[in-house]
Amino acid sequence: MGKLAMTLILLCSMVMVVPAVHGIVKGPKAVEEWFQKLSHKKEKLTKLCFYFHDTLSGKTPTAVRVAQANTTSISPTLFGVIYMMDDPLTAGPEPNSTIVGRAQGLYGSAGMEDLGLLMTMNLVFTAGKFNGSSLSVLGRNPALEQYREMPVVGGSGVFRLSRGIATAKTHWFDYTTGDAIVEYQVLVIHY
């Protein structure tokens, strides 16, 4: 067999193996089949704990300001500012801890009198048994409170049709730079 034929066979076998590695088959037909079998499946409760590293400073920030209102600079809550993020999620609070995923999305200051962030993010898992799956969080984050609760409104991969609660607690915050490490505990119900 020639090199081209061997390469094609290798690529085809990789394409067939990838869905099995991630634990769930993807594609419109696979999703439809999954839905048809859904009535026979039981719901599961999964608890996740990880740390969100939001870095605004330095040479490689993971969150950047993408917009602000004309009055943001004079607002005590930075009302109107919007940040885009691609923050690492780690197993522990240390910056060099094992990366388990990324928090990708945006947050903005939506409170004029009290600091309340509007969080819209996907928790994208890149390691472990949830590799290739994600959870979507959408809600208010009153960042100065000790514990914040935000709804999990959906997911993909093994978290299809998930719903739940993400609880956040600031582990560390630098008032000068705005950098933060936040502990997340997430409870989700999924099939």
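Treat the numbers as computed from the prediction; the structure is a model and nothing was measured.
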Could you tabulate the donor-acceptor pairs under 3.5 Å formed by side-chain atoms of residues 155-165, not counting sequence neighbours?
unit_1: Ser156; atom_1: OG; unit_2: Ser134; atom_2: N; d: 3.4
unit_1: Ser156; atom_1: OG; unit_2: Ser134; atom_2: OG; d: 2.7
unit_1: Arg160; atom_1: NH2; unit_2: Val25; atom_2: O; d: 2.9
unit_1: Ser162; atom_1: OG; unit_2: Gly154; atom_2: O; d: 3.1
unit_1: Ser162; atom_1: OG; unit_2: Phe159; atom_2: O; d: 3.1
unit_1: Arg163; atom_1: NH1; unit_2: Glu43; atom_2: OE2; d: 3.0
unit_1: Arg163; atom_1: NH2; unit_2: Glu43; atom_2: OE1; d: 3.4
unit_1: Arg163; atom_1: NH2; unit_2: Glu43; atom_2: OE2; d: 2.9

Within the structure provided, determine whether [X] and [Y] are in side-chain contact (heavy-atom separation under 4.5 Å).
X      : Y      : value
Ile99  : Leu89  : no
His53  : Val182 : no
Met150 : Tyr184 : yes
Lys42  : Tyr191 : no

Heavy-atom pair of closest approach, residues [X] and [Y]:
X      : Y      : answer
Ala143 : Thr170 : O-OG1, 4.2 Å
His171 : Pro93  : NE2-CB, 3.3 Å
Ser97  : Gly92  : OG-N, 2.7 Å
Cys49  : Glu183 : SG-OE2, 3.8 Å
Leu56  : Gly178 : CD1-O, 3.6 Å

Task: side-chain hydrogen bond (donor to acceptor under 3.5 Å, both in side chains) contacts in which one or both residues fall within residues 105-117, not counting sequence neighbours - done: Asp54-Tyr107
Task: Qualifying side-chain hydrogen bond (donor to acceptor under 3.5 Å, both in side chains) pairs, either residue in residues 72-85, two or more places apart - done: Arg65-Tyr83, Ser75-Thr77
Whether [X] side chain and [Y] backbone form a donor-acceptor pair below 3.5 Å:
X      : Y      : value
Thr55  : Pro61  : no
Asp87  : Arg102 : no
Asp174 : Thr176 : yes

Task: Distance-only polar pair, side chains of Asp86 and Thr62, donor-acceptor under 3.5 Å - done: no
Open item on the list: Under a 3.5 Å cutoff, is there a donor and acceptor pairing between the side chains of Thr126 and Asn131?
Closed with: no
TODO: Walk me through it: do Val153 and Val137 pass the test side-chain contact (heavy atoms from CB on, under 4.5 Å)?
DONE: CA-CA 6 Å; Val153 297; Val137 176; over 6 Å; no
Other than [X], what residues sit in its cluster of Ile, Leu, Val, Met, Phe, Trp and Tyr side chains whose heavy atoms are under 4.5 Å apart, directly or through others?
X      : value
Trp172 : Tyr51, Ile181
Val64  : Val66, Ile82, Met84, Leu106
Tyr175 : Phe173

Task: Step-by-step side chain to side chain donor-acceptor pair (under 3.5 Å) determination, Asn122 to Ser136 - done: CA-CA 5 Å; Asn122 292 311; Ser136 296; 2.8 Å; yes
TODO: Using the rule that two of Ile, Leu, Val, Met, Phe, Trp, Tyr join whenever any of their side-chain heavy atoms come within less than 4.5 Å, decide whether Tyr147 and Leu48 are in one cluster.
DONE: no
Open item on the list: Assess the residue pair Met121 and Leu123 against the criterion (side-chain contact (heavy atoms from CB on, under 4.5 Å)); give the C-alpha distance rounded to whole Å, side-chain angles, the decisive distance to 0.1 Å, and a yes or no.
Closed with: CA-CA 6 Å; Met121 66 179 166; Leu123 304 172; 4.0 Å; yes
Open item on the list: Rounded to the nearest 0.5 Å, what separates atom CD in Glu149 from atom CZ in Arg140?
Closed with: 12.5 Å
TODO: To the nearest 0.5 Å, tell me how far Thr90 OG1 sits from Asn96 CG.
DONE: 9.0 Å
Task: Derivation of the side-chain contact (heavy atoms from CB on, under 4.5 Å) call for Thr167 and Val186 - done: CA-CA 6 Å; Thr167 305; Val186 181; over 6 Å; no
Open item on the list: Classify the ring geometry of Phe125 against Phe50: parallel below 30°, tilted from 30° to 60°, perpendicular beyond 60°.
Closed with: perpendicular
TODO: Determine, stepwise, if the pair Met119 / Met85 fulfils side-chain contact (heavy atoms from CB on, under 4.5 Å).
DONE: CA-CA 11 Å; Met119 303 288 291; Met85 68 177 155; 4.3 Å; yes
